[in-house]
Amino acid sequence: MDDELNALRRSRMRWNTPLSEAHASLLLDRMALSDGHLVDLGCGWGELLLRAVERAPGLRATGVDTDATGLERGRAAAAERGLAVEFTEADAASWDVPVERAFCIGAAHIFGSTKAALEGLARVVRAGGRLLYGDGFWSAQPDPAAVEIFGPDTLTLPELVEAAGAAGWRVLHLSTADQLEWDDFESTSRAGWAEWLAAHPADPRAEEVREWLDRRLREYVRDYRGVLGLAYLVLTR
Ligand SMILES: C[S@@+](CC[C@H](N)C(=O)[O-])C[C@H]1O[C@@H](n2cnc3c(N)ncnc32)[C@H](O)[C@@H]1O
């Protein structure tokens with residue numbers, strides 16, 4: 001897809017995870033942000049990072065992602081809101097600066113798996129620091145189609161909590177995305193292109209966009225709605 005459609009695809013999303021404003025605010029509370037260095041590994045456009053700095057202007061904040069489009073959106077939002085956040089285009093798996101606070105949300109695949117992410121992040125966060133970790137888990141028995149989409153390494157919630165403990169983390173907070181958060185996330189993930197398609201039905205790119213939208217909605221309602229959960233853990237070590 002070209003740059004125009006690429007930028008448009010996620011334009012209706014607040015962030016790239018199923019998370020309400022109220023739930024985000026609760027998670028930021030539990031991160032006890034004040035000063036020190038906060039890094040967001042796999043930050044996307046870093047909206048939660050920007051909210052963190054709005055709450056705690058003493059933070060040094062860095063977002064790391066490989067997606068230039070998302071990083072550009074983050075830089076523009078930071079400039080517009082007068083926030084000092086550094087957005088870095090890099091492989092987050094190679095981050096080796098110890099920090100007081102970290103976010104890693106919906107981005108375990110950067111490290112290869114949930115277990116590898118929890119272990120790798122334990123090397124990033126200083127002792128006594130906090131990590132906001134968001135990851136998918138099976139909230140119901142998946143059909144083979146769901147396993148095909150999300151991979152065989154997806155854990156159940158008890159397995160996820162166990163993996164965090166095995167990597168040396170203590171759980172300070174645990175909450176999961178509810179159905180409305182999921183439905184809003186999925187709807188907003190399609191809305192940018194759905195609105196474009198309604199306005200440009202005869203565009204040469206329309207067929208590809210239509211197929212993507214139809215497949216994503218079909219897979220959601222048929223394969224993983226109510227089956228894939230998203231857990232948010234605030235962890236310390
Ligand atoms: C599901 S999105 C979550 C984004 C963000 N954490 C949020 O909650 O809005 C996963 C992000 O991981 C990023 N990503 C994938 N592989 C990466 C890598 N090796 N290094 C850094 N970021 C990566 C993608 O570009 C994408 O922005």
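Because only heavy atoms are used, hydrogens play no part in the values below, and waters and symmetry mates are left out as well, while side chains stay in. Both counts, for ligands and for their atoms, begin at 1 and track the order of listing.
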Next on the checklist: List the residues meeting salt bridge (Lys or Arg N to Asp or Glu O under 4.0 Å) with Glu159, not counting sequence neighbours, and say none if there are none.
Outcome noted: none
Checklist entry - His37 vs Trp95 aromatic rings, parallel, tilted or perpendicular, using cut-offs 30° and 60°? => result perpendicular
Below 3.5 Å only, please: the N or O atoms of ligand 1 paired with protein N or O atoms, distance on each line.
unit_1   : atom_1 : unit_2 : atom_2 : d
ligand 1 : 6 (N)  : Gly42  : O      : 2.7
ligand 1 : 6 (N)  : Ile105 : O      : 2.9
ligand 1 : 9 (O)  : Asn16  : N      : 2.8
ligand 1 : 19 (N) : Asp91  : OD1    : 2.9
ligand 1 : 20 (N) : Ala92  : N      : 2.9
ligand 1 : 25 (O) : Asp65  : OD1    : 2.6
ligand 1 : 27 (O) : Asp65  : OD1    : 3.4
ligand 1 : 27 (O) : Asp65  : OD2    : 2.7

Identify all side-chain donor-acceptor contacts of residues 162-175 below 3.5 Å with residues at least two apart in sequence or on another chain.
unit_1 : atom_1 : unit_2 : atom_2 : d
Trp169 : NE1    : Leu118 : O      : 2.9
His173 : ND1    : Arg30  : NH1    : 3.1
His173 : NE2    : Ser175 : OG     : 2.8
Ser175 : OG     : His23  : NE2    : 2.7

Next on the checklist: With a 6.0 Å cut-off (strictly less than), is the heavy-atom count around CD of Gln141, excluding the residue itself, greater than 12?
Outcome noted: no
Next on the checklist: Tell me whether Asp3 at atom CG has more than 12 heavy atoms from other residues, nucleotides or ligands lying less than 6.0 Å away.
Outcome noted: no
Checklist entry - Mind checking what makes salt bridge (Lys or Arg N to Asp or Glu O under 4.0 Å) contact with Asp143, not counting sequence neighbours? => result none
